[in-house]
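Each remark here refers to the structure printed beneath this line.
In what follows, chains carry the letters A, B, and so on, assigned in the order in which the sequence lines appear, proteins first and then strands, with residues in each chain numbered from 1.
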Amino acid sequence: GNSVTQMEGPVTLSEEAFLTINCTYTATGYPSLFWYVQYPGEGLQLLLKATKADDKGSNKGFEATYRKETTSFHLEKGSVQVSDSAVYFCALDGAGGTSYGKLTFGQGTILTVHP
Amino acid sequence: NAGVTQTPKFQVLKTGQSMTLQCAQDMNHNSMYWYRQDPGMGLRLIYYSASEGTTDKGEVPNGYNVSRLNKREFSLRLESAAPSQTSVYFCASTRIRDGTYGYTFGSGTRLTVV
């Protein structure tokens with residue numbers, strides 16, 4: 001079945017530091033890949049997505065590239081802010097078959113950014 | 001604001017009690033989902049409804065039932081609550097069963113079963 005593995009957290013950074021959160025996946029076919037962000041006490045919000053190999057998703061300074069050869073979708077940001085403190089989830093939407101349309105999530109990575 | 005609305009936001013139940021979590025979306029989405037979120041486990045799919053009139057089991061359906069009342073509403077019922085069902089529950093919707101548009105999530109229901 002499909003699975004998503006995220007780097008262990010929590011991640012603690014100083015403001016303006018570079019961020020990488022690793023995400024690798026296992027899936028059949030050609031899934032769509034997502035990063036969702038959850039701020040304290042809130043639901044998940046779509047941060048960015050990529051629907052095919054070599055696509056780059058970007059939003060709010062965050063980027064992730066769909067790498068089929070390494071089955072990865074790592075999240076990066078060049079300069080984090082305190083307001084980026086949140087939990088980040090990598091997810092895939094399995095293509096084809098009975099998994100189509102259902103998200104599989106990683107376990108989430110807690111990011112804390114200090115001033 | 002348009003989106004996914006969940007009620008209630010918080011609930012405490014005694015073991016064996018029943019309750020229904022409500023979810024409604026006003027985006028004319030076809031597909032709706034219920035997930036539970038537990039520490040260190042991400043979100044796991046309980047049930048989903050690919051379109052009005054259909055429902056299917058997800059990864060962790062035991063102890064739950066669902067109803068797709070109409071295109072807008074998708075409810076989750078716990079018939080006899082157990083402490084293992086203590087969790088945060090999220091409803092989500094998407095236009096079609098396709099990752100192209102992403103999913104919209106509600107703000108969650110925090111349920112405690114004592």
Worksheet item: In terms of side-chain heavy atoms, does B:D38 have a donor or acceptor partner in B:S87 at a distance below 3.5 Å?
Response: yes
- Query: Would you say the side chains of A:S32 and A:K49 form a donor-acceptor pair under 3.5 Å?
  - Reply: no
Taken in chain and number order and not counting sequence neighbours, the residues that satisfy side-chain contact (heavy atoms from CB on, under 4.5 Å) with B:S18 are B:R77
For [X] and [Y], which heavy atoms make the closest approach, and how far apart are they?
| X | Y | answer |
| --- | --- | --- |
| B:A50 | B:S31 | O-OG, 2.7 Å |
| B:K57 | B:Y48 | O-CE2, 3.5 Å |
| B:P8 | B:T109 | O-OG1, 2.6 Å |
| B:G63 | B:Q85 | O-NE2, 3.2 Å |

Residues of residues 64-73 of chain B with a heavy atom under 4.5 Å from any heavy atom of chain A, in residue-number order, are none
Bottom line for A:Q38: the part with an atom under 4.5 Å from chain B's heavy atoms is side chain
- Task: Count the heavy atoms of every other residue, nucleotide or ligand shown that sit under 6.0 Å from CD of A:E16, and state whether that count exceeds 12.
- Result: no
May I ask you to check whether over 12 heavy atoms, not counting those of A:K52, lie within 6.0 Å of atom NZ?
-> no
**Prompt:** Can you get from B:W34 to B:L43 by hopping between Ile, Leu, Val, Met, Phe, Trp and Tyr side chains that sit under 4.5 Å apart?
**Reply:** no
Review point. What about B:Y103 and B:F74, same hydrophobic cluster or not, with Ile/Leu/Val/Met/Phe/Trp/Tyr joined at side-chain heavy-atom distances under 4.5 Å?
Key: no
Counting heavy-atom pairs under 4.5 Å with chain A, the top scorer among B:Q37, B:M41, B:Q6 is B:Q37
| A:T20 vs A:V11, side chain to side chain contact (heavy atoms under 4.5 Å, CB included): CA-CA, chis, key distance, verdict | CA-CA 10 Å; A:T20 299; A:V11 175; over 6 Å; no
Checking heavy-atom separations under 4.5 Å from chain B, one finds in residues 106-115 of chain A A:G106, A:Q107
Filtered by a 4.5 Å non-hydrogen cutoff, the part of residues 73-82 of chain A contacting chain B is none
So do A:V4 and A:F89 actually touch side chain to side chain, heavy atoms under 4.5 Å? no
Subject >> Check: A:D84 and A:F62 side chains under 4.5 Å, non-hydrogen atoms >> reply: yes
